[in-house]
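To find a chain, count down the sequence lines: A is the first, B the second, and so on, and within it residues start at 1.
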Amino acid sequence: MRNLFVLLLRYHALILFIGLEVISLSLVFSKNSFQRSAILNATQEVVGYAQNTFFEVDKFLSLGKVNDSLANEIAQLKAQLQGFEETPDSAVKIQYTIPAYYEFIPAKVIGNSSHQRNNYITLDAGAYDGVEKNMAVVSSKGVVGILKGVSGSFSSGISVLHSDFAVGARIKDLNENGTLVWDGENPEYAILTDIPGHVNVQANQEVEVNAFSFIFPEGTPIGRVVDYELDAGKAFYKIRVKLHDNFRNLNYVYVVKNLKIDEKNQLESKIKD
Amino acid sequence: MLANSMVVLRAILLVVVQVILFDRLTLFDISRPFPYVLALILLPIRMPKWQGLIIAFVLGYVVDIFNYSYGIHAAACVTMFFIRDFYLHTILGVTEESNGLEPHLGTIGPSTFLLYLTGMVFVHHLIVVSLDIMSWQRIIMILIATFVNTLFTTILLIIIEIIFYYQRGKTR
């Protein structure tokens, strides 16, 4: 027994080293996201507050760019509005209401990275604003990410630039469904897979969210086809997509709240029984 | 006591600067510098190893929280501190005279200091980049990112060292 204590005392540094290393590596390799989202939730308020403070400086410095993007958005909306005004008065007006599937909650991006293998975004909207876990984040240009942790007034989640991110996507003109992922190479490009090799893919075709995704609204733009390759013997294309969003400076985004998601989940769980 | 509080204050300051400024500095889209490791590199020579290991773990973990990287920096910092004494004494041959002093340009000599700094930063960055990318297929990218990153951080740390510590080391 005494020898054991002597041994422990002599090698205490090595034992401590191994212990700390096991703790940190188990955090790195833990694939179950419970631990991660537990940490996200616990540290969210502090990190969010700090990032919000730094963001104030960033915000001031990027006011010009924000103005430009807002002006562009207004111009687009005006163009859309004109289409409505030009409908002839004589036409029979059919009163109908589009079922509101989605609600958009505006938010500011206060934390964001684009150069790690797995990138995260932090928003300044939280549970008080109606934000919940697993909601989608979009900007006026396209998809941004999915929220994984929510606290009172902040929320954070994975961006498109994350190895766990995948969204059902289709090529607009061809109506072919595939899956969009990020390969970790360049923050401007993502990879569209599962498009069968017989379809006529061409550069500059638009890629958007398909109808299978329930958290992203159907038709949310993603990007544009840049180039594609079909390896010999493979049945599916590997298509490089230039993302519309510039993940190096995201400013204002919308959290997408699906109003019918509970109904859908109930229905699906009923079928499973 | 004063020396200890200086160590803690320096660590806090470096982490704050890391989170505010250096986490947003990207070089060639590959990597970014991690000058917060200076807080570990400048810990007194031959300080009790368990203290250093715990400081390294806490420091790395705080940076992890702000980067959402879960344990990557903690693992790198702990490893770096564990091999530090071996590197300083066995490989670089720093003598027992400097025990208890902080390793600076003025205390262990310019060439030894540069080798020490570069080696420590390289080990730390190699672990951080490998754990971040974690793929054998992209080993080339890991190596490039590590070298670029090490160079960037080392240059920054030499500048910091010269600005804040060089004069003091000379007069000692």
Side-chain angles (χ1 to χ4, degrees), chain A residues 9 11-30 33 35-40 42-44 46-48 50-51 53-55 57-58 111-122 148-149 156-159 162-163 183-188 247-249, chain B residues 15-17 19-21 23-32 47-58 60-86 127-135 137-138 141-142 145 149:
Chain A
L9 207 63
Y11 291 112
H12 71 279
L14 184 68
I15 294 165
L16 186 67
F17 166 68
I18 294 171
L20 292 177
E21 204 71 352
V22 166
I23 293 174
S24 40
L25 288 181
S26 66
L27 278 173
V28 176
F29 288 105
S30 67
S33 53
Q35 239 169 337
R36 297 191 160 197
S37 65
I39 296 173
L40 262 185
T43 55
Q44 192 64 116
V46 183
V47 174
Q51 283 177 333
T53 316
F54 311 148
F55 174 75
V57 180
D58 271 10
N112 177 34
S113 67
S114 65
H115 39 260
Q116 284 162 293
R117 177 65 186 96
N118 293 317
N119 296 291
Y120 295 83
I121 44 169
T122 310
K148 291 292 178 194
S156 77
I158 59 177
S159 79
H162 191 288
S163 55
D183 61 350
E185 295 282 342
N186 189 327
E188 288 175 18
F247 280 89
R248 293 202 190 85
N249 49 13
Chain B
V15 169
V16 168
V17 175
V19 173
I20 297 178
L21 181 62
D23 276 353
R24 289 145 192 253
L25 270 186
T26 319
L27 192 67
F28 309 134
D29 253 344
I30 303 176
S31 259
R32 44 171 207 235
M47 74 180 290
K49 217 160 186 182
W50 63 272
Q51 285 180 7
L53 285 172
I54 289 174
I55 293 174
F57 182 78
V58 172
Y61 198 72
V62 170
V63 174
D64 271 333
I65 286 174
F66 279 95
N67 277 322
Y68 302 108
S69 51
Y70 308 105
I72 290 178
H73 286 273
C77 285
V78 170
T79 314
M80 186 185 96
F81 190 81
F82 188 72
I83 63 169
R84 185 181 91 135
D85 278 0
F86 174 75
I127 297 170
V128 167
V129 176
S130 315
L131 285 179
D132 191 22
I133 297 180
M134 225 182 328
S135 147
Q137 289 151 6
R138 294 166 61 204
M141 193 180 165
I142 291 179
N149 221 355

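- Interatomic distance, W50(B) CH2 to I15(A) CD1, rounded to the nearest 0.5 Å: 15.0 Å.
- With a 4.5 angstrom heavy-atom cutoff, D64(B) does not touch chain A via any of its atoms.
- At least one side-chain heavy atom of F17(A) sits less than 4.5 Å from a side-chain heavy atom of T79(B).
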Kindly indicate, with the supporting measurements, whether the criterion side-chain contact (heavy atoms from CB on, under 4.5 Å) is fulfilled by N67(B) and Y120(A).
CA-CA 8 Å; N67(B) 277 322; Y120(A) 295 83; over 6 Å; no

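- Taking each heavy atom of A74(B) and S24(A) in turn, the nearest pair found is CB-CB, 3.8 Å.
- Contact of F57(B) with chain A is made through the side chain alone, with heavy-atom distances under 4.5 Å.
- In plain terms, the two heavy atoms of L53(B) and L20(A) that are nearest each other are O-CD1, 3.6 Å.
- Looking at every heavy atom in both residues, G184(A) comes nearest to M141(B) through O-CE, 4.3 Å.
- Contact of the L16(A) side chain with the V78(B) side chain is not registered, since no non-hydrogen atoms from C-beta on lie closer than 4.5 Å.
- With values rounded to the nearest 0.5 angstrom, L27(A) atom CG is found 10.5 Å from I72(B) atom CD1.
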